[in-house]
Amino acid sequence: MTPITRLLSYVRRVPGSYALGAALTVVYAGCFQLVPLSVRNLVGHFESPESQPSLALGALWVMGAALLLAIFRMASRMVLFRTAREIEFQLRNDLFHHLQTLPQSFFARNRTGDLMSRGVNDINSIRLFLGMGLMNIFQTPVLILGALSVMMWVDWRLTLAVAIPYPIFTFVVRLYGRRLHAASLATQEQLGEVSTAVQENAAGVLVARAYHMEDRERERFETENERLYRRHMRLAIVQGLMQPTIGMLPAIALLMVLLVGGWRVEAGALSQKDLWLFYIYVAMLTFPTFMLGWVFALAQRGLAGLQRLGEVLDWVPSIRDRPDVEPMEGVLGRVEVENLSFVYPDRELKSLSGIHFRARPGQTIGIVGRVGSGKSTLVNLIPRVLEVPDGTIFMDGVDVNRVPLLALRSSIAMVPQESFLFSTSLGENIRFGCPDAPLEEVRDAARRAHLLDEIEDLPFGLETPVGERGITLSGGQRQRVALARALILDPAILILDDALSSVDAITEESILKDLRRAREGRTCFIVAHRLTAVRDADYILVLEDGELAEEGTHAELLRKGGAYAELHRQQRLEAEIEAGD
Amino acid sequence: MELGLHEEEAVGKVYDARLIQRLWPFLRPYRGLLIAALLLVPVRAVLESVPGILIGVALNSLSLGAAADAASSETVGGMLARIPGVTALTSPPDGFSVIAWLALLFGIFTLLSLGLEFARMLAMAWLGQSGMRDLRSLLFDHVQRLPMSFFDRYPVGRLVTRLTNDIETVSEMFTGGVVALIGDLLLMAFFACMLFWVDPRLAAVAMGVVPFLAVAATIFRWKVRQAFREVRIKIARLNTHLQETISGMKVVQLFAREARNLADFEETNSSHRDSWFRSIRYDALLSSSVELATNLTIALILWYGGNAVLGRSLEIGVLFVFVDWMRRFFRPMQDLSARYSVMQSSMASCERVFELLDVEPESSNDAPTRLAEFRGEVEFDSVSFAYGEETVLDDVSFRISPGERVAIVGPTGAGKTTILKLLIRLYEPQRGSIRIDGVDIRELSRRELRTHLAYVPQDVFLFTGDLKYNISLGRPDISDAQVGEAAAVVHADHVVHRLPNGYGQQVLERGLNFSAGERQLLSFARALAQQPQILLLDEATANVDTQTEALIQDALHQLLQGKTSIVVAHRLSTIQDVDRIFVMHHGRIQETGTHETLLAERGLYWRLYQLQYAGADAA
């Protein structure tokens, strides 16, 4: 979608508002003409001394015009600005909604900061364009056309004299605008250099301190800082020149009123009241004319913002329900994986290849292997967090790609490797997947995650806020909150992706024991580093470089004396070292 | 981009005398500019009042011209002649018609006033930018002196925001905030006085609307302010929600929470929109009432003044002057709310910048001891160190003689790296003392300590800049030849030679154009080039190809040659190279000895050896 069509599609959502805004603007432009005309009428009475009574009437006319003008100014502003805010509201909702449909591969490619800047800065510039920008695009031409016709009707010669500087100045202002843009771009770039310098200084602080580089770092920063200062000053000069230059426009117009108008009055071709009319016009048109010059920049920025936002909004979600979706309410937990291979986008090497296994409800599958062997990839494919190739994973006999996404994910609970918590309370985090769960269930889930005692020791209990990303909790606590968040769902399939790595071995042991007791009819996948976690699994998969190296029960794998047995030996040694002090 | 969203909720007060006071030292050196800019305000006010007078005089002359052809310049001025200098100025010299002369003056004064405006803006920019440059320098300087523990908890992004965007925002105070506001108020006061000077009665009428406008403006501004505060809180909440959802998208999707999450977002979003609706209403009211007041005032002046003109007690030119001046009087009121919001965000940024400046820097002793002759004896005497509540080193004591090479081994988290960091005083131990050649390192200056010691951290950090800079670290006393020599000893020259630009090769951000192995060799060269007497090395664990591994092993061997060295070691070859091995566990040194004696003890070291190297030997 081009920025313009997207813009129009949003404008079409609020058709009445823009029509009303446009109508109000036209009425405003009409009232605008009344002010100079009524002033002219009022001053006209000065010329005949006997007209004293009509002076009051003339003044009332001016006041009436002023009141009308104020009312319509307010109304048109309110309507147009509100409409801009309304569209901003919808755009932001749409962005949010769309982001939620995008796959992990999208978020891997687009950094949070960049997405935030689209959601904040770009939406802002779009809104400015839609409000201030569109208002002026509607308004100013109508104002100017109306004014020109009135002025022409009064005296076309003086009108020409007054109006000629305007087009010339618009040109000059645009030229300046380009220089201003270049200067402010240069300043922005230098600001980027300064932030890089700070960033690097902070990132390399260890080396900088160890090698007492503070002075040299300072010098490097000073160079950038000084350059920033100079760019700022250059920008200030361009800006400083631009404002007086713009200020010259009404001044020249007034000069023309004085000089040409004065001559015309002297020559008897014009009366004084006409000079007043021109004066009021020049005064009242000054600001709208400036705005017109600014509108170009607004429109440019707004359209660029729409373009950048469009890049996100047009990203087709690769993981969603397809037309051939099978109507299912949920899954029971029979998982079959057949000849599954997976390559991450942008990577050449396969992360998984030829994986093959089956899991029945009630079974626990342990998955072990070295870092980077594909364990996490494998379990992330099951809830379709990653794009699953067709015909490789089956849920209750149905290709997982044909299971409705909502049905699939609400039957699976996963504790991901990185236990991300939201900055709400402990209770809210545990309730995350079922916001309306009663307190008793929350407490029960916390109990099963061996968290309840600690929570009850806190002064605010479940209401305790966890801070950004759960920063107020320890790593082990975070993992157990994430576990409780999964357990409360009572899912058909439970996936623990190395989910208890920061929990001590004894607690891990007893959590898993409880899980075993309660896993009736549930399919469990446990990815683990510590073999103790998978020792009691019904079946263990050992991955090596994305391939299934060994499989079997704990006892079988030990007997085999392969990779699993070696891992087992190492971990026993580690445990001995840990205990040996 | 870091937005510091969470702090936005704490929006500071608009005007805070304390903040201005703290800001003043940065402006003081440039106070001449500030005074000049403030002095320019009255001059500008005078100049701005002139065009009105000129046109007023012209109108007088035109109406007289219609009545009588020979009018003296005094009558042309009329009431306006009460303004000093007007008569002298507006009487045309020979050869000029009145209109042409007035037009010429108009042009001159316009140019003067615009020129002055340029000068004023430049002075303000100069003041603001100079002050901000100094503040930024000072802040950077301050950051250089903050303890390492500060960097462990303060996100880099936030630091960058403080030094860039926040200071930029503070500088806006000078271009669009306080100073502009003072200028506006002075200008308004000037025009009010002038009006009363010329004709008190007409001035009283002209000012008739002002009290109403003032009341209305106060109310609306107060309402706008409230709405604006609400908006800021809501936008912060909205952006936090957006950011959190983006970062935690996987969890949102896994738990099928999208619909609920969207509903929550829409709710905040719509209340944000509604706050804006309120703000728009008051803003529109405010701007319309200023316009209304202006036009009503014109009507009042022309009505009341018109009667006087008809009664021949006032000239029409005076009316014009009144109309023109009142318009100029009202104009700044249009900008008030914009100025207000600039000031508000400036103050908030100002507060955040000063908060960072208030973080206590590292202690430094004023009269450091100097080591007469450096031998390189290192001693830890009952050193304990805790990071937060977690004990990392627990009563560690050892002595290393000059020239001795020591390896520290042990499981992860045993406190190995901490020994190195304490020795170069990146952190201070809570108990015990560390001595070099018998002198407590706290008595030395950090600079002196660190010139004798070279620390090679586990993660190699390369600076942007060329390779030469990364090896010499910008020290002017290290020659190109020395850089080359150091690189050659540790085989980093292999890396350099394959590059098209040799030592001039630019390093990309964080050394992304070099492999992990190459980065390690470069960091060895860096340490060697600094010619340290004591080498502290934290061996990297990154996997490298066998060829590079061989290079690194030999490089390490060269590096440790004849130098007091402490190495946190992971390689068997390194361990076999050293004179003594410390085996650490749970923050204590559990065993010491050589490779052979430790193996023979069959204790912790033996088990570690089994775990880490025995398998590798077999392979």
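Fair warning: this is a prediction, and the values are worked out from it, not measured in the lab. What you see below is based on every heavy atom in this structure, not just the backbone, and it leaves out hydrogens, waters and symmetry mates.
- In terms of heavy-atom pairs under 4.5 angstrom with chain A, the leader among B:Arg588, B:Met124, B:Arg526, B:Arg425 is B:Arg526.
- Each of B:Arg120, B:His241, B:Arg260 has some count of heavy-atom pairs under 4.5 Å with chain A, and the biggest count is that of B:Arg260.
- Using a 4.5 Å cut-off between heavy atoms, B:Phe109 makes no contact with chain A at all.
- Using a 4.5 Å cut-off between heavy atoms, B:Thr110 contacts chain A through its side chain alone, with no backbone atom that close.
- For the residue pair B:Glu168/A:His232, the side-chain donor-acceptor check at 3.5 Å is satisfied.
- Looking at B:Asn261, the atoms closer than 4.5 Å to chain A (heavy atoms on both sides) sit in the backbone and in the side chain alike.
- Salt bridge status for A:Glu418 with B:Lys250: absent, with no side-chain N to carboxylate O gap under 4.0 Å.
- Considering every non-hydrogen atom in both A:Leu206 and B:Pro457, the closest pair reads CD2-CB, 3.6 Å.
- When heavy atoms are compared at a cutoff of 4.5 Å, B:Leu111 approaches chain A solely by way of its side chain, counted from C-beta outward.
- Residue contact with chain A, scored on non-hydrogen atoms closer than 4.5 Å, involves the backbone and the side chain of B:Thr451 alike.
- In terms of heavy-atom pairs under 4.5 Å with chain A, the best-connected choice from B:Met132, B:Glu117, B:Met148 is B:Met148.
- In plain terms, the two heavy atoms of B:Phe106 and A:Ala251 that are nearest each other are CE2-O, 3.2 Å.
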- Message: Is there a side chain to side chain donor-acceptor pair (under 3.5 Å) between B:Arg475 and B:Gln530? Walk through the geometry before answering.
- Response: CA-CA 9 Å; B:Arg475 260 173 64 175; B:Gln530 312 296 318; 3.2 Å; yes

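- With a 4.5 angstrom heavy-atom cutoff, B:Leu285 touches chain A via backbone and side-chain atoms both.
- The contact between B:Glu291 and chain A is made entirely by side chain atoms (from C-beta outward), counting heavy-atom distances below 4.5 Å.
- Contacts of B:Ser287 with chain A are made by both backbone and side-chain atoms, with heavy-atom separations under 4.5 Å.
- Side chain of B:Arg450 to backbone of A:Arg209: a donor-acceptor contact under 3.5 angstrom is found.
- Both the backbone and the side chain of B:Leu159 come within less than 4.5 Å of a heavy atom of chain A.
- Of the two parts of B:Ser270, the backbone and the side chain both hold a non-hydrogen atom closer than 4.5 Å to a non-hydrogen atom of chain A.
- With a 4.5 Å cut-off on non-hydrogen atoms, B:Ala527 touches chain A through its backbone and its side chain both.
- Contacts of B:Val456 with chain A are made by both backbone and side-chain atoms, with heavy-atom separations under 4.5 Å.
- Cation-pi geometry between A:Arg216 and B:Phe463 is not met: the NZ or CZ atom fails to fall both under 6.0 Å from the ring centre and inside 45° of the normal.
- Contacts with chain B were tallied for A:Phe72, A:Trp61, A:Phe287, A:Tyr279; A:Tyr279 has the most, counting heavy-atom pairs under 4.5 Å.
- With a threshold of 4.5 angstrom between heavy atoms, B:Arg136 approaches chain A through its backbone and through its side chain.
- Between A:Phe422 and A:Phe420, the two ring planes are perpendicular [angle over 60°; tilted spans 30° to 60°].
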- Message: Determine whether A:Glu222 and A:Asn225 satisfy the following criterion, side chain to side chain contact (heavy atoms under 4.5 Å, CB included), listing intermediate values before the conclusion.
- Response: CA-CA 5 Å; A:Glu222 277 308 286; A:Asn225 192 13; 3.9 Å; yes

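- For A:Arg218 and A:Asp215, the salt-bridge test passes: some basic side-chain N is under 4.0 Å from an acidic carboxylate O.
- Interface residue A:Glu266: backbone and side-chain heavy atoms are both found under 4.5 Å from chain B.
- Residues A:Phe46 and B:Leu319 are in side-chain contact: their nearest non-hydrogen atoms beyond the backbone lie under 4.5 Å apart.
- Of the listed residues (B:Trp126, B:Phe151, B:Phe140, B:Phe320), the greatest number of heavy-atom pairs within a distance under 4.5 Å of chain A belongs to B:Phe140.
- Per-residue counts of heavy-atom pairs under 4.5 Å with chain A were compared for B:Tyr304, B:Phe277, B:Tyr154; the largest is that of B:Phe277.
- A salt bridge is defined here as a Lys NZ or Arg NE, NH1 or NH2 lying under 4.0 Å from an Asp or Glu carboxylate O, and B:Arg273 with A:Glu88 fails to meet this definition.
- Looking at every heavy atom in both residues, B:Gly107 comes nearest to A:Leu255 through N-CD1, 4.2 Å.
- Contact tally against chain A (heavy-atom pairs below 4.5 Å) for B:Val143, B:Leu116, B:Val309, B:Leu242: the top residue is B:Leu242.
- Within the 4.5 angstrom heavy-atom criterion, only side-chain atoms of B:Leu426, from C-beta onward, approach chain A.
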